[in-house]
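Heavy atoms only: backbone and side chains are in, while hydrogens, waters and symmetry mates are out. A quick note: this is a predicted structure, and the numbers were derived from the prediction, not measured.
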Amino acid sequence: MGRNANGRSSIYQNAEGWHGRVTVGVKDDGRPDRRHVRGKTRAEVTAKVRKLEKLRDESRVPKAGHRWTVAKWLTYWIDNIAVPPNVSENAHSGYNVDVRKHLIPGIGAHWLDRLEPEHVEKLYAKMQRSGLAAGTAHHVHRTIRNALNEAVRRGHLGRNPVLLAKAPKLTDEEPEPYTIEEVQRLLKVASDRRNGARWVVALALGLRQGEALGLKWDHVDLANGTLRIRQNRQRPKYEHGCGDTCGRKAGYCPERTQTRADTGPTKSRAGRRVIGLPDPVIVLLQVHRETQNAEREAARQLWHDEGWVFARPDGRPLNPNTDYHEWKALLTEAGLRTARLHDVRHYADGWVMCPAVAFPLLGVEEPVLQSA
């Protein structure tokens with residue numbers, strides 16, 4: 001049986017068996033993109049031709065050319081597409097861990113166009129059986145979904161199988177609020193620490209960690225009682241300054257150099273906002289600024305005058321990882337149950353709106369506010 005003309009599909013037989021050819025579009029060079037299938041019987045080839053025609057009619061035929069494995073596509077995606085400034089530095093770091101630690105070892109050997117929902121579901125189940133949290137598996141699910149959505153947009157994949165996969169179930173438990181007595185214990189412990197105001201500001205204003213650590217005094221107007229959120233403190237990232245000869249990780253290299261900026265944009269455009277400061281917080285920040293000024297004078301030429309509201313003893317910005325461990329230590333010393341500051345900030349702010357409650361909690365008498 002001869003080939004059909006005018007770009008129509010054709011089925012024919014030769015000495016090697018039955019063959020089919022389907023025109024699915026046009027190649028980059030302008031020539032018709034005709035795909036070839038083969039089988040032992042005419043019925044088998046006919047079924048393959050009909051399937052390819054259906055994919056063509058639904059615009060789901062993978063792009064002609066290089067055939068990707070899941071590992072190769074994910075590597076290309078994380079190195080060239082999902083990179084700053086297309087995504088935030090923190091988002092890229094999370095994607096990178098998912099890709100290199102979980103996805104490539106778990107499903108990387110599959111051909112991209114042969115990946116099935118069951119493959120990723122088995123990976124999620126394996127991760128959780130190994131003791132990883134459902135939230136970790138869910139983050140991996142979102143990463144592979146985003147990566148394959150891009151493969152579909154670029155024509156390397158006909159459909160995204162992850163959209164059909166059952167995502168790991170997250171338990172939507174409402175965090176139990178701290179009582180006034182528990183908040184009092186927490187603030188009492190915080191008041192004895194450097195940058196104790198950092199925790200009050202987080203609880204009172206509902207700031208994310210990056211927002212609180214990214215604050216500069218230029219963003220704070222104590223005279224008018226306002227605070228502007230304009231940036232996020234980013235996790236530091238380093239590379240070796242020794243030529244990778246020290247035998248340590250880059251972050252512990254004695255000659256390390258920082259490759260990531262101290263701050264980046266807020267999580268979303270809506271994150272750039274102005275917040276009104278309750279009177280107790282204004283007082284606390286006034287006291288905090290006076291304490292910091294004393295530290296500046298004591299440090300003299302060692303002080304890095306960069307304007308951070310919450311800084312290290314030499315004026316440089318706080319490290320988010322150090323800040324995280326400080327929060328855990330604060331809870332332990334106060335004898336409180338473990339809770340994420342990210343969750344606590346949503347429900348522990350009611351006390352600060354009432355000066356009659358807030359000032360005693362802060363351990364100070366209600367003063368007459370002075371201009372900043």
Exercise for review: Compare every heavy atom of P161 with every heavy atom of R159, then report the nearest pair and how far apart it is.
Suggested key: O-CD, 3.2 Å
**Study point:** Enclosure of R193 CZ (heavy-atom neighbours >12, cutoff 6.0 Å)
**Key:** yes
Check your understanding: So, does E297 use its side chain to make a donor-acceptor pair with the main chain of A294 at under 3.5 Å?
Key -> no
Check your understanding: Ignoring hydrogens and geometry, is there a side-chain-to-backbone donor-acceptor pair from E89 to R235 under 3.5 Å?
Key -> no
**Study point:** Nearest heavy atoms of Q231 and H219, plus distance in Å
**Key:** NE2-CE1, 3.7 Å
Exercise for review: Would you verify whether the NZ or CZ of R289 falls within 45 degrees of the ring axis of W217 while also being under 6.0 Å from that six-membered ring's centre?
Suggested key: yes
Practice item. Start with the C-alpha gap between Q209 and D323, add the side-chain angles, then the distance that decides, and say whether side chain to side chain donor-acceptor pair (under 3.5 Å) holds. Key: CA-CA 8 Å; Q209 182 193 49; D323 182 75; 3.0 Å; yes
Revision key, fill the gap. One should read off an interatomic distance between L330 CG and L187 CG, to the nearest 0.5 angstrom, of 8.5 Å
Exercise for review: Indicate the ring-plane relationship of W73 and W68, choosing parallel, tilted or perpendicular according to the 30° and 60° boundaries.
Suggested key: perpendicular
**Study point:** E118/K122 salt bridge by N-O under 4.0 Å criterion
**Key:** no
For residues 43-50, tabulate all N or O donor-acceptor pairs below 3.5 Å that involve a side-chain atom, not counting sequence neighbours.
from: E44; atom 1: OE1; to: K40; atom 2: N; distance (Å): 3.1
from: T46; atom 1: OG1; to: R42; atom 2: O; distance (Å): 2.8
from: K48; atom 1: NZ; to: R38; atom 2: O; distance (Å): 2.8

Check your understanding: More than 12 heavy atoms of other residues, nucleotides or ligands under 6.0 Å from CZ of R153: is that the case?
Key -> yes
Exercise for review: Grab the two heavy atoms, one from N160 and one from R145, that are nearest each other, plus how far apart they are.
Suggested key: ND2-O, 3.2 Å
Check your understanding: Is the backbone N or O of K166 less than 3.5 Å from a side-chain atom of E121, with the two atoms forming a donor-acceptor pair by type?
Key -> yes
Review point. Is the closest basic N to carboxylate O distance between D33 and R31 below 4.0 Å?
Key: no
**Study point:** Worked check of side chain to side chain donor-acceptor pair (under 3.5 Å) between R21 and Y12
**Key:** CA-CA 9 Å; R21 293 193 179 272; Y12 59 94; 3.1 Å; yes
Revision key, fill the gap. Scanning both residues in full, the closest heavy-atom pair of G276 with L205 reads O-CD2, 4.1 Å
Point to revise | Flag, side chain of T226 to backbone of L222, donor-acceptor distance under 3.5 Å | key: no
Check your understanding: Any luck finding a side-chain donor-acceptor pair between N224 and D221 under 3.5 Å?
Key -> yes
Exercise for review: Answer yes if V152 and V99 sit in the same cluster of Ile, Leu, Val, Met, Phe, Trp and Tyr residues linked by side chain heavy atoms under 4.5 Å apart, and no otherwise.
Suggested key: yes
**Study point:** Side-chain H-bond candidate by donor/acceptor type, Q234 with N90, under 3.5 Å
**Key:** no
Point to revise | H325: partners by ring pair (Phe, Tyr, Trp, His ring centres under 6.0 Å), with sequence neighbours left out | key: none
Exercise for review: Please indicate whether K237 has more than 12 foreign heavy atoms, meaning atoms of other residues, nucleotides or ligands, lying under 6.0 Å from its NZ.
Suggested key: no
**Study point:** Test side-chain contact (heavy atoms from CB on, under 4.5 Å) applied to R198 and V309, L213, L215, the passing residue
**Key:** L213
Show which side-chain atoms of residues 238-247 pair as donor or acceptor with protein atoms under 3.5 Å away, not counting sequence neighbours.
from: H240; atom 1: NE2; to: D244; atom 2: OD1; distance (Å): 3.1
from: H240; atom 1: NE2; to: R248; atom 2: O; distance (Å): 3.1
from: T245; atom 1: OG1; to: C242; atom 2: O; distance (Å): 2.9

**Study point:** Donor-acceptor contact present, side-chain T322 to main-chain L318, <3.5 Å
**Key:** no
Check your understanding: Who are the ring pair (Phe, Tyr, Trp, His ring centres under 6.0 Å) partners of H139, not counting sequence neighbours?
Key -> none
**Study point:** Non-neighbouring partners of H304 that pass ring pair (Phe, Tyr, Trp, His ring centres under 6.0 Å), sequence neighbours left out
**Key:** none
Review point. Are the side chain of R233 and the backbone N or O of D262 linked by a donor-acceptor pair below 3.5 Å?
Key: yes
Review point. In terms of hydrophobic clusters joined by side-chain contacts under 4.5 Å, are V83 and I78 together?
Key: no
Review point. Going by heavy atoms in the side chains, are L227 and V281 under 4.5 Å from each other?
Key: no
Review point. So, does D314 use its side chain to make a donor-acceptor pair with the main chain of W303 at under 3.5 Å?
Key: no
Exercise for review: Spell out, yes or no, whether V162 and V97 are grouped together once hydrophobic residues are joined by side-chain heavy atoms under 4.5 Å, including indirect joins.
Suggested key: no
Review point. Does G335 offer a backbone N or O that forms a donor-acceptor pair with the side chain of R185 under 3.5 Å?
Key: yes
**Study point:** Pairing residues for H141 by the ring pair (Phe, Tyr, Trp, His ring centres under 6.0 Å) criterion, not counting sequence neighbours
**Key:** Y124, H138
Practice item. For R56 and V22, indicate whether the former's side chain and the latter's backbone hold a donor-acceptor pair under 3.5 Å. Key: no
Exercise for review: Consider only side-chain N and O atoms of T23 and R34, and report whether a donor and an acceptor are under 3.5 Å apart.
Suggested key: yes
Practice item. Check L112 against A151 and note the closest heavy-atom contact, atom names and distance. Key: CD2-CB, 4.2 Å
Check your understanding: Is E306 reaching over with its side chain to a backbone N or O of W308, donor-acceptor style, under 3.5 angstrom?
Key -> no
Review point. So, N96 and R100: side-chain donor and acceptor under 3.5 Å apart, yes or no?
Key: yes
Practice item. Can you establish whether the number of heavy atoms outside R114 located under 6.0 Å from its atom CZ is more than 12? Key: no
